[in-house]
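Only heavy atoms go into these numbers, but all of them, side chains included; no hydrogens, no water, no symmetry mates. Naming: A, B, ... by sequence-line order, numbering from 1 per chain.
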Amino acid sequence: MMKELETRYQNAKRALFDAAYGDLNERQREAVYTVGGPLLVLAGAGSGKTTVLVRRIAFLIRYGNAYYGSRIPAGLSPERVAGMEAAARLPREEIVPLLAEFAESPCEPYRVLAITFTNKAANEIKTRLEAMFPESPEVAADIWSGTFHSVCVRILRRHGERMGYRPNFTIYDTDDSKKAFLEAMRQVNIDEKLLPVKGVMNAVSRAKDRLLTPEEFAEEGNGDYRQKQIARVWTAYQDMLRDANALDFDDIIAQTVRLLRNHNDVRELYQKRFQYVCVDEYQDTNPAQFELTRLLAGGYGNLMVVGDDDQSIYKFRGATIQNILSFDQEFPRAKVVKLEQNYRSTQNILDAANAVIAKNDSRMGKTLWTAQGAGDRLHCVLCEDQNAESRRIVETVTKKVACGEAKYRDFAVLYRMNAQSQNLEKAFARSAVPYRMLGGTRFSDREEIRDAVAYLQLIANHADNLRLGRILNKPARKIGPKTVEAIAMIAAEVGCSQFEVIENAEKYAALGGAKTALETFANVIHTLTADAGTLALDVFFDRVLDLTGYRQMWIAKGEPEAERLENLDEFKSQIIEYMQENEEPTLEEFLEETALVADVDRYDETADAVVLMTIHSAKGLEFPVVFLPGMEEGIFPSQQTAEGGAAELEEERRLAYVALTRAKRELYLLHTSVRLLYGRTCVNPVSRFVSEIPSGLMDVEEPPRDRMAAGGGFRAWGTVSPAANRPRTYYHDDTYIPDPPAYGGTAGNRQPSRGGAGRSAPAYGGMSAGAAYGAKPKPAAEIYGVGTRVRHAVFGEGEIISAKPMGADTLYEIMFDRAGTKKLMASYAKLKKI
DNA sequence: CACGCTCTGCCTGCG
DNA sequence: GCAGAGCGTG
């Protein structure tokens with residue numbers, strides 16, 4: 001009798017939770033309720049992955065193992081159970097307060113660790129957790145949530161001394177690291193021409209991902225000469241970092257793993273602390289991160305990982321898809337929950353993505369579905385060339401915005417490689433469509449920012465030889481390469497830091513005439529080091545720029561470098577922002593944030609503008625309308641992938657899957673008949689990923705016949721027509737004019753003309769353009785001189801600042817009052833003189 | 001030391 | 001096509 005009541009109680013309890021979590025689907029709920037043991041959540045694109053992660057953390061803090069737990073309250077009565085059964089029919093918000101009493105060993109917030117890859121993801125988790133506990137903000141604050149690197153740095157600051165790092169250690173980013181590698185190569189006498197640094201850095205980085213030591217790496221090469229050389233460089237590099245009390249990004253993970261492996265007390269400290277460990281984007285983890293996760297979760301064994309094997313696109317960065325594929329072998333009792341219901345896209349888009357990814361072998365197997373319905377068919381658009389492709393995208397955006405179908409921010413243009421972005425950006429820059437482009441040089445990578453940071457780093461850590469070298473003679477202080485070399489020699493002999501040599505310059509005869517300059521420099525750094533402890537950070541920063549003469553250096557260069565000063569101001573506002581966010585701001589902590597938090601929120605989702613970025617950086621984002629230009633063999637899949645092995649192609653196909661699943665409503669796949677890339681004209685067949693999409697899902701669009709070249713026209717599926725093969729000349733500003741017929745030659749064997757034809761502007765006749773494309777002849781336009789005020793239909797009023805004759809036409813550069821400076825062809829701009 | 005010229009290589013890139 | 005590195009010269 002009692003047994004039956006207990007079963008009823010358990011069922012009623014679960015029914016209450018199911019009702020309270022009724023906004024989740026069944027699979028999502030299962031993931032949330034499963035708190036004990038290893039758990040793999042295979043979360044398809046758009047399946048509510050972050051929601052599950054956050055809700056689960058909140059669940060285990062509030063209720064612990066309430067759902068699957070077997071606890072029965074004392075004095076359980078039939079009336080009580082009947083009451084619970086009736087309560088399940090109440091509205092959700094009335095059920096939620098009833099759940100607290102079912103809590104079964106709930107977890108304290110500080111015992112939860114959530115690891116992500118990007119700061120953006122870490123911040124999102126934090127923000128969403130704060131929203132889950134509005135009544136007690138300390139809960140979200142107590143949860144350890146951060147990136148792999150921030151978690152490891154936190155551990156190393158505390159226990160790094162065991163590994164030989166003093167707590168004020170410095171973090172070297174990729175650029176610093178490159179400088180150190182170059183120096184290391186000089187030290188071991190290896191010519192950069194024979195062994196490019198890029199290759200060395202990559203090899204060492206991959207080896208560190210695999211937790212190898214230089215010795216193991218050399219051994220693994222089995223006598224391979226190159227590998228032995230790399231190991232020598234690596235050893236010298238590692239010595240330099242050790243001397244400078246510095247770690248690079250890879251060391252941060254690898255050394256934390258060694259710390260936890262080799263020091264039982266430290267490992268146990270964290271294993272006892274972390275009752276629950278969650279890892280996001282698990283398909284992107286490398287072997288070192290796998291090991292770290294395993295160690296940290298090794299106490300309680302409550303490890304949840306979330307990821308999507310089909311979105312593993314970072315093998316080139318060291319990630320192993322194996323980590324997710326063999327999770328259930330590594331953790332034998334693991335539970336696997338698949339999230340396949342998609343809340344983002346239409347069924348047509350999902351069917352296309354499913355069809356493409358189904359061609360892969362190395363996958364766990366998922367099929368996305370939606371309750372939303374089929375939606376529009378995909379569009380496959382063939383354009384003449386990359387300019388037509390870009391224009392086509394801009395036109396489509398303009399049209400859809402004009403008819404009120406969408407806002408600018410609903411559109412994204414996603415491309416395979418950054419080289420494609422130039423054309424696209426030009427088309428947008430010339431139009432009235434607001435856009436923002438991600439990628440390119442990051443703010444923190446700019447020279448002036450790096451220099452400013454180097455000054456701050458040196459002040460925080462005088463042993464930082466690399467940063468010292470960066471700014472020692474910047475601005476020029478009459479400390480030339482000879483002096484620098486002498487300093488390095490002395491430092492190596494004495495066994496001290498280079499800055500200590502400078503401090504004691506008068507002791508060393510070898511420093512000769514530079515002594516005074518060095519003393520002055522040392523004094524400046526000493527003064528600033530003292531200031532760092534007393535002045536407010538922003539005031540201190542100004543003082544650094546002024547006392548070192550660094551600001552003056554850029555001021556002296558005048559107008560062309562004005563942006564540098566603006567960037568330094570922008571950096572100062574980042575300092576102020578940091579001061580506002582932290583109660584006890586310190587230089588060291590600020591520097592750590594700068595090292596680990598590169599350009600937060602590069603993508604402002606609120607701005608009403610079309611977004612342009614690579615497919616890689618679009619992972620995790622979604623847009624109502626997505627354009628995928630360059631769906632061509634040789635671009636996507638890229639040349640080197642297509643030539644690589646099957647594994648490379650599978651990764652590329654996953655990238656295609658990521659690209660397709662970014663779209664919510666509409667998807668445009670664009671490809672061209674001819675394309676100018678790397679200064680070469682190429683004729684690429686349409687991408688295999690387009691061909692893999694069932695034709696019934698797609699509308700195919702080709703340019704109308706009369707606009708096509710003579711000779712049978714273009715065939716969509718890659719047949720090369722002779723006319724398409726004709727070489728063309730492009731001007732630096734991308735205004736294109738076909739070569740006259742007499743030019744001859746074919747695209748395939750055309751020699752790159754370095755600095756030759758095409759740079760200057762030969763006077764081509766306008767007619768050849770018309771003849772090649774059968775296009776209408778350009779209407780004659782009235783020619784205006786520089787300084788003329790004109791009106792444009794879209795951009796409004798402006799002034800002509802330059803006019804360049806181009807064949808029969810004229811290229812104007814016009815500074816518009818509101819739309820900025822644009823380059824326009826006279827015949828198309830339809831300008832009116834004011 | 002600053003500049004301008006030539007040469008080269010070139011996919012994706014978190015922290 | 002173009003950026004970044006390397007190199008030579010004023």
For this session: Would you check, one step at a time, whether the test salt bridge (Lys or Arg N to Asp or Glu O under 4.0 Å) holds for Glu485(A) with Lys482(A)?
Result: CA-CA 5 Å; Glu485(A) 207 176 307; Lys482(A) 271 190 180 169; over 6 Å; no

For this session: List the steps and the verdict of side-chain contact (heavy atoms from CB on, under 4.5 Å) for Asp451(A) and Glu447(A).
Result: CA-CA 6 Å; Asp451(A) 289 341; Glu447(A) 183 187 344; 3.7 Å; yes

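Ion pairing between a basic and an acidic side chain is recognised when a charged N comes within 4.0 Å of a carboxylate O; Arg467(A) and Asp176(A) show such pairing.
Here the options are Arg363(A), Lys619(A), Arg653(A), the test is salt bridge (charged side-chain N to carboxylate O under 4.0 Å, His left out), and the partner is Asp310(A); only Arg363(A) passes.
Mapped onto DNA chain B by nearest heavy atom, Tyr678(A) and His149(A) fall at different nucleotides, with Tyr678(A) at the one closer to the 5' end.
Under the 4.5 Å side-chain criterion, counting only non-hydrogen atoms from C-beta, Arg688(A) is in contact with Leu649(A).
Residue Met201(A) contributes atom CE, which lies 14 Å from atom P of dC14(B) at whole-angstrom precision.
Asp250(A) comes within 4.0 angstrom of a nucleotide base, judged by non-hydrogen atoms across all strands. Using a 4.0 Å heavy-atom distance criterion, Gln639(A) is classed as making no nucleic acid contact. Using a 4.0 Å heavy-atom criterion, one finds that Glu592(A) contacts no nucleic acid atom at all.
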Can you name the atoms? Protein N/O to nucleotides 1-4 of chain B N/O, anything below 3.5 Å, with the distance.
unit_1: dC1(B); atom_1: OP1; unit_2: Asn473(A); atom_2: ND2; d: 3.2

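Picking from dC11(B), dG15(B), dG13(B) the nucleotide with the shortest atom distance to the side chain of Ser617(A) gives dG13(B).
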For this session: Give DNA chain B the dot-bracket treatment, 5' to 3': Watson-Crick (N1-N3 with N6-O4 or O6-N4) or G-U (N1-O2, O6-N3) under 3.5 Å, [ ] crossing, | other strand.
Result: ||||||||||.....

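Between the side chain of Thr614(A) and the base of dG13(B), no donor-acceptor pair of N or O atoms lies under 3.5 Å.
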